[in-house]
Amino acid sequence: MRLTREFFERNTVLVARDLLNKVLVYKDGDTVIRGKIVETEAYIGAKDQGAHFHKGLTERTRIIDEVGGHIYIYTIYGMYLLFNIVAEEKGTHGAVLLRAVEPLEGVEKMYLNRYKKPYDNPQKREIIGLTNGPAKFVMAYGITKELYGADVVTDPRIWVEDGPKLSNEDIVRSKRINIDYAEMGKDYLLRFYIKANPFVSKK
DNA sequence: CTGATGATGTTCT
DNA sequence: GAACATCATCAGA
C-alpha cells in the first residue's frame with residue numbers, strides 16, 4: 001500500500017520516526033528497486049540551525065514550502081546527492097533526510113550502480129556498503145536531481161509503501177550526524193534508526 | 001579494526 | 001571566498 005498524503009503532512013519528527021520499516025520504491029523503466037528504510041533524520045525550520053532552511057527558503061530549498069510528500073534533493077560536497085521527503089502542511093517547513101535503507105529487491109541493479117561491475121560472488125562487506133549511507137543509497141537507486149519536487153503520493157516513478165509496525169523497543173533515537181556547526185540544534189535527538197540493523201550508517 | 005585525509009563543485013555571503 | 005546533512009582510500013595498530 002502506497003502511503004497517502006495524511007502520513008506526510010503530520011509533524012516532521014513523527015514522520016521521521018514512522019518512516020522506519022517503510023519501503024522506498026523506485027521504478028525506472030522496467031527496473032524496480034525496493035528498500036526498507038532503516039535510518040532517518042528530522043530537520044525542522046524553527047529553532048534548528050542544523051536545517052538548511054532555518055533562515056528562510058532559497059532557490060535550492062523552495063520545495064520545503066510545499067505540502068508533505070514532495071521530494072527535496074540537493075548536492076553536498078559537490079559530488080553527492082542527499083534525499084529528503086518534505087513533511088508538514090503547506091507553508092510549514094520541515095523535512096526528513098533518509099540516511100540508510102536495506103535492499104529488498106533489485107539488488108543486482110544497485111550493485112551495478114554502485115560499483116560499476118557485474119553482481120558476481122559479492123562480498124558481504126560490499127552488500128552492506130550498497131546502501132548504508134545517505135549518499136550511498138541514492139547512488140544505488142540511481143536517483144538523480146530529476147526527481148527534485150516530485151510527489152511520492154502521486155508520482156508514478158517513486159513512492160513509499162507501508163510496512164510492518166515497529167515496536168518502540170526496536171527504535172533508537174539519537175543526535176544527528178555531522179552537524180556540529182549548528183550551535184543551537186546539534187544536540188536535538190532527531191535521528192532515528194532500527195536497532196541492530198546492519199545497514200544503519202553509524203551506531 | 002580505527003582515525004585522518006583528499007576529492008570536488010554547488011550554494012550562499 | 002568559504003562552507004558543506006559525505007565517501008573512498010590509506011596508514012597504523
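Naming convention: chains lettered A, B, ... in sequence-line order (proteins, then strands); numbering from 1 in each chain. Every value quoted in this text rests on a predicted model; they were computed, and no experiment measured them.
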Ignoring hydrogens, what is the shortest heavy-atom contact between A:Pro156 and A:Arg2? Give both atom names and the distance.
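Looking at all heavy atoms of both residues, the shortest contact is CA-NH2, 4.4 Å.
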
Closest contact, heavy atoms only, A:Ala95 versus A:Ile64:
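Of all heavy-atom pairs spanning A:Ala95 and A:Ile64, the closest is CB-CD1, 3.9 Å.
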
Can you sort out the partners of [X] under ring pair (Phe, Tyr, Trp, His ring centres under 6.0 Å), two or more places apart, ordered by chain and number?
X       : answer
A:His52 : A:Tyr74
A:Tyr77 : none
A:Phe53 : none

Among all residues two or more places apart in sequence or in another chain, which pass the side chain to side chain contact (heavy atoms under 4.5 Å, CB included) test with [X]?
X        : value
A:Asp187 : A:Lys175
A:Arg17  : A:Leu14, A:Ile171, A:Phe192
A:Asp170 : A:Leu166, A:Ser167

For DNA chain B, which residues of residues 47-70 of chain A approach it to below 4.0 angstrom with any heavy atom?
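Contacting residues: A:Thr58, A:Arg60.
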
Relative to A:Tyr43, does A:Arg176 satisfy both conditions: NZ or CZ under 6.0 angstrom from the six-membered ring centre, and within 45 degrees of the ring's axis?
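Pair A:Arg176/A:Tyr43 counts as cation-pi.
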
Does the cation-pi check pass for A:Arg5 over A:Phe8, that is, NZ or CZ under 6.0 Å from the six-membered ring centre and within 45° of its axis?
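No, A:Arg5 does not lie over the aromatic ring of A:Phe8.
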
Identify the stems formed by DNA chain C, where each pair is Watson-Crick or G-U wobble with both distances under 3.5 angstrom and a stem is at least 3 consecutive pairs.
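The stems are B:1-7 with C:6-12, B:9-12 with C:1-4.
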
Would you say a side-chain N or O of A:Asn178 is under 4.0 Å from OP1 or OP2 of C:dT6?
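Yes, A:Asn178 has a side-chain N/O under 4.0 Å of OP1/OP2 on C:dT6.
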
Separation of [X] atom [atom1] from [N] atom [atom2], in whole Å?
X        : N     : atom1 : atom2 : value
A:Tyr77  : C:dA2 : OH    : C1'   : 13 Å
A:Tyr181 : C:dT6 : OH    : C1'   : 12 Å
A:Leu81  : C:dC7 : CG    : C1'   : 13 Å
A:Leu130 : C:dC7 : CG    : P     : 13 Å

Between A:Arg173 and A:Leu190 (side chain of the first, backbone of the second, donor and acceptor by atom type, cut-off under 3.5 Å), is there such a pair?
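Side chain of A:Arg173 to backbone of A:Leu190, a donor-acceptor pair under 3.5 Å: no, none is there.
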
Spell out protein contact along nucleotides 8-13 of chain C as letters: B when the base is contacted, S when just the sugar-phosphate is, - when no protein heavy atom is under 4.0 Å; keep the 5' to 3' order.
S-----

At under 4.0 Å between heavy atoms, what does A:Leu97 touch on the DNA or RNA strands: base, sugar-phosphate, or nothing?
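Touches a base.
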
Contact class for A:Arg99 vs. all strands (heavy atom < 4.0 Å): base, sugar-phosphate, or nothing?
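The answer is sugar-phosphate, as A:Arg99 gets under 4.0 Å only of primed atoms, P, OP1 or OP2.
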
Give the table of side-chain donor-acceptor pairs shorter than 3.5 Å for residues 128-139 of chain A, with sequence neighbours excluded, one pair per line with atom names and distance.
{"from": "A:Thr131", "atom 1": "OG1", "to": "A:Val101", "atom 2": "O", "distance (Å)": "2.6"}
{"from": "A:Asn132", "atom 1": "OD1", "to": "A:Lys136", "atom 2": "NZ", "distance (Å)": "3.0"}

For chain A and DNA chain B, what are the first and last nucleotides along the strand, 5' to 3', with at least one atom under 4.0 angstrom from a heavy atom of the protein chain?
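Span of nucleotides near chain A: B:dA7 to B:dC12.
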
Report all side-chain donor-acceptor pairs from residues 19-34 of chain A shorter than 3.5 Å, counting only partners two or more places apart or in another chain.
{"from": "A:Asn21", "atom 1": "ND2", "to": "A:Pro164", "atom 2": "O", "distance (Å)": "2.8"}
{"from": "A:Lys22", "atom 1": "NZ", "to": "A:Asp18", "atom 2": "O", "distance (Å)": "3.0"}
{"from": "A:Arg34", "atom 1": "NH2", "to": "A:Glu161", "atom 2": "OE1", "distance (Å)": "3.1"}

